[in-house]
Structure formats: C-alpha cells, structure tokens
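Reviewing the structure listed below.
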There are 2 protein chains.
Amino acid sequence: MSDGYDGYDPHAYEPFAVAADLAVFTVRSGSLHVLLIRRGQEPYAGAWALPGGFVLPRESAETAARRELAEETGLADEVVAALHLEQLRTYSEPDRDPRMRIVSVAFTALVPDLPEPAPDGGGDAAHARWVPVADAGELAFDHAAILADARSRIGAKLEYTCLATAFCPPEFTLGELQAVYETVWSTPLDRPNFRRKVLATPGFVEAVPGAARLTGGRGKPAALYKAGPATALHPPLLRPEGHRR
Amino acid sequence: MSDGYDGYDPHAYEPFAVAADLAVFTVRSGSLHVLLIRRGQEPYAGAWALPGGFVLPRESAETAARRELAEETGLADEVVAALHLEQLRTYSEPDRDPRMRIVSVAFTALVPDLPEPAPDGGGDAAHARWVPVADAGELAFDHAAILADARSRIGAKLEYTCLATAFCPPEFTLGELQAVYETVWSTPLDRPNFRRKVLATPGFVEAVPGAARLTGGRGKPAALYKAGPATALHPPLLRPEGHRR
DNA sequence: CTTTTTATAGTCACTCCGACTATAAAAGGG
DNA sequence: CCCTTTTATAGTCGGAGTGACTATAAAAAG
C-alpha cells in the first residue's frame, strides 16, 4: 500500500462540497444576539440558519466566509473586510446535509451593536436578522450545535483574551465593557473589581483623554476608553465559579 | 440571488478533496517528538510529512484521521481507538497542494512514550518515525505550519487542562508529569511548587496507594499517581513569564 | 558510613482577587 | 435650591495562590 495521499482519483468518488458558515455575535440591549438568515428553499425551507455558503474553487474558507457574509447580510463591505474572523472548527459528519456530502468550516466573529442588516440592500439581506441566542431554538442542519460550540468558545475566550472590546464601539466606557462580560457569561460582576482588573492589565484599554460619554442617562458621566494593543490577558479574567460551561 | 446553499451543482466545479492530517506528539528522552512519515511519491517524494489521508465518502474527518493513523503508522488498533483526538483547525488555502484542491482538517493527539511504530507491520508503517520537533525542519505541503500551530496549541492547553497526563503512562510519578510540562514549555519548573499545585487541584491526579516506582534510578523512590477525572485546571497552571508563544 | 541524588514537607512574602465601604458627579423631584 | 437617586470612581481588608527558598527523608553510589 502507498500512503493515503497517493493514487487518489477524486473523480472516482462522489465529490465533496466545502462550505463556510459563520456565527456572528453582537451584544444588544443586554443579551447576546447571533446573526441568522431565514432559508428560502428546501431543505429546511423557512427555518433559520447560520449565514454561509460554498467555498469556490479559488477561495480559502475564510475568504468564502467573508464573501458569503457580505452577500447574505448586506453588512457594509468595510465592516466585513475589517471583521476579525476566528475559525471555530470543521463539521464533517457524513449526513449533516441531506442533499449531499458537505464539509463545513465554521467561523466566529464578534461585532459591536450594528444597525439591522440592510433591508434596503434587497435580496438575501432581507432575510438576515439579529436573534437573541436564547431564542434561536431549532436551526437548519447541525447549525444549533455549531452555535452552541461558538457560544461556549467565546465565553472561554473572554477569560484569557482582550476580545471583549470587539463587541464595543471604537470608544466605550468601562461599564459597557463590563456589560459585554456580564451578557456573554450571564453573570453579574463587581464593578470596582472589574475596573481594577481591566485597568491593571497593560494594553487592554487606553484612556481617551478628556472624553466622557454624554449619554442622556443619569449619573456621573463615564470616562471613555478605546481598545489597546494587547491581545492576551495575563493573568486571565476568570468568570465566577459555577458559571463555566 | 438566493442564499449561498441553493442552486449549487457540485459537478459544475472541479471537486474538492477533503483530507485529515494528524500531529501526534509524545515526550521521550527529554524532548517533544512528533510522528512523521516519509513520503514515497511525488509531490514531495522523500520529504517528511504529517500522517494523514483522504476522507472517504462515508467517513467523518475524525474517523478518517483514526483510520489513516492506524494504516500509516502501524500503531496498535486499541491505541488508535482510545486516542484522544482534538481538532486543531482546517487548512484551506487554494494552492496548499500542487496536485488539486485539497482542504485538510488537522487533528492533534498526545500519546505516552510508545515503542517505535511497528516496522514488523510492514508497509506504510516502515516509513513512520518519531522525530524531535526541533529537528522536523521542512515538511511537505504546509505541514510545517500545521505542526507549529499544533505545538503552540498544546503548550497553551497544558496551562488550563489536565491534558499533560495523556503524555504519561497509566501510572506515573509527579517528576514524570513535571518533565512533560518542562519539555513542552522548554522551561524548568520548581519541583515543590509544581507538586503543590498538582496535588491541590482536585481530580488532576490520584495517588496509587502503596505503589512506588522501582526504577533503577538513584534517589528516593517516587510515589505513583494515575490521571484523575478532572479535565480542566482551575485556576490554570500558567507557564513562567516570557515563555508563552 | 558518608556523599550524592531524588522525593517530599514546610516557610515566607508578595500578588491578585472577592467583598465591601466611601466619595464624586451627574439627573430628577419636591 | 436642596435632597434623593443613579452611576462612576477610589480605597480597604482578608484570604487564596504562587514564586523563591529551606529542610528533611529515603534511596543508591563510593
């Protein structure tokens, strides 16, 4: 026998298709939302699904993910191009799609609270919506499992990376950053302690001098910060005991 | 336009092939080794490569990874079946294989120091060898990048999981466990502190009562432990500053 | 029997973190 | 205009965890 790569004739087999699917998260009005599209055709017509689609012959999976996201959701091209995509994992069970053999590379992205996916862009975008993950329920294919994996991954990543700032607008208050953690982890955090930890981590956030959020809200105006150059959190910011998944 | 999944005719495109590749690590004689095979045919004939091969039409990527590992390395079937495989990530750059479009799902596995891959099994196994990762050098395809990603992943995983016991035989001393950390991280650790940390983490290791390693070695015989039920390390066992990647 | 080697036990100071209290600066209601 | 409410920010205190280190125990080597 030769090794597994030799003597393979791809046309002798039913071909694989390779897809890229995305779990794009945002935090809005105190709950974690995921971007879903409603399927227009069988299978799973009318069901909600993660945005995604086939990888074309000259694309990497990540390129395909960006292209599909732009096509299906009408998010602005600059937004999609700048988006930090992270590969989650690949789903390759033989029967995960009833039509044919489809191997799907899943990606995760975090975005600040954006306007609703442009319905004026017409076409696919009209079927895209932000849905609270708690309300996502049944999804097409194995997308519910992908969503669960993505959710658990981002919860863990908040512990040891600075990724939480990706959920925030360019300038944000520490209260807003804390709300991201509390929303993703579904647990309240002590405000002074959170503040101390964030400020003590070099490069996590940087003060925007002289700026303060002029919200219509009550209370003392909060200082504004922007994301710093750090990417990892050492030591990590662990969620309270009993809130891990 | 419809969404990306609809109206796709896979036969209209050059087909994709999907492969599974493995980075299987072990610790032997004080250095981290990876299992490599020598390629017999073009492309990259004579070069070293990670074991792996094509996913068959009715297999998941993980099933294919196990099958290829057994075929190519002659590792015992029980060993391969019991192996903890973790998906690393998927490599999908269009030109990563010169022959055709191949998307590869990479896996990582950790095994105790095993005998050399059975050369008596004949066939492919004869071309499999444990190679110190420091000596791996150039590999076929993008396997050097996969290996680097895998190495960095396992280093990070030792920090917050109990995975280090996977490198050890069923019963091991704390000194052996510490050697795993020191080898993977390439940094010495303080022995009493390491011991305190491991024993203070519930479920990391369990004492084997009355047993002690009767090595030919000098010094006081060490007590034996076996892997406990815990899977995560809270709080984590962080490597010393400046040794992260 | 002494030295060497390895395992194991214990000490001490410092850091980090959870819980908590106190003060500051805004809005809203009388 | 004062007083309450709300939110932001500052500080305190004790305990857990850890790095650096010392001490003791149990084996082999000379």
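Values in this document were obtained by computation on a predicted structure and should not be read as measured data. Each chain gets a letter, A, B and so on, in the order the sequences are listed, and its residues count up from 1.
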Please report the distance, rounded to the nearest Å, between [atom1] in [X] and [atom2] in [N].
{"X": "A:Y181", "N": "C:dC17", "atom1": "OH", "atom2": "C1'", "answer": "15 Å"}
{"X": "A:L237", "N": "C:dC17", "atom1": "CG", "atom2": "P", "answer": "8 Å"}
{"X": "B:L238", "N": "D:dT18", "atom1": "CG", "atom2": "P", "answer": "8 Å"}
{"X": "B:H234", "N": "D:dG17", "atom1": "NE2", "atom2": "P", "answer": "13 Å"}
{"X": "B:E159", "N": "D:dT18", "atom1": "CD", "atom2": "C1'", "answer": "14 Å"}

Between A:V24, A:L22, A:L88, which is the residue that forms a side-chain contact (heavy atoms from CB on, under 4.5 Å) with A:T108? A:L88
Cation-pi check, B:R89 onto B:Y91 ring (under 6.0 Å, within 45° of axis): yes
In terms of the angle between their ring planes, are B:H143 and B:F141 parallel, tilted or perpendicular, with boundaries placed at 30° and 60°? tilted
Could you tell me whether the side chain of A:R196 has a donor or acceptor atom within less than 3.5 Å of a complementary atom in the base of D:dG11? no
Sorted by position of nearest nucleotide on DNA chain C, 5' first, the leading residue of B:N193 and A:P235 is B:N193
Taking D:dT18, D:dC21, C:dA19 as options, the one with an atom nearest any side-chain atom of B:D190 is D:dC21
Nucleotide N/O of nucleotides 6-9 of chain D paired with protein N/O under 3.5 Å:
unit_1 : atom_1 : unit_2 : atom_2 : d
D:dT7  : O2     : A:K220 : N      : 3.3
D:dA8  : OP2    : A:R191 : NE     : 3.3
D:dA8  : OP2    : A:R191 : NH1    : 2.6
D:dA8  : OP2    : A:R191 : NH2    : 2.7
D:dT9  : OP1    : A:A223 : N      : 2.9
D:dT9  : OP2    : A:R195 : NH1    : 2.8
D:dT9  : O5'    : A:R195 : NH1    : 3.4
D:dT9  : O5'    : A:R195 : NH2    : 3.2

Establish, from distance only, whether the side-chain atoms of B:S104 and B:D21 form a donor-acceptor pair under 3.5 Å. yes
Could you tell me whether A:K226 and A:E171 have a side-chain N and a carboxylate O separated by less than 4.0 Å? no
Sequence neighbours excluded, the answer for side chain to side chain donor-acceptor pair (under 3.5 Å) partners of B:D135 is none
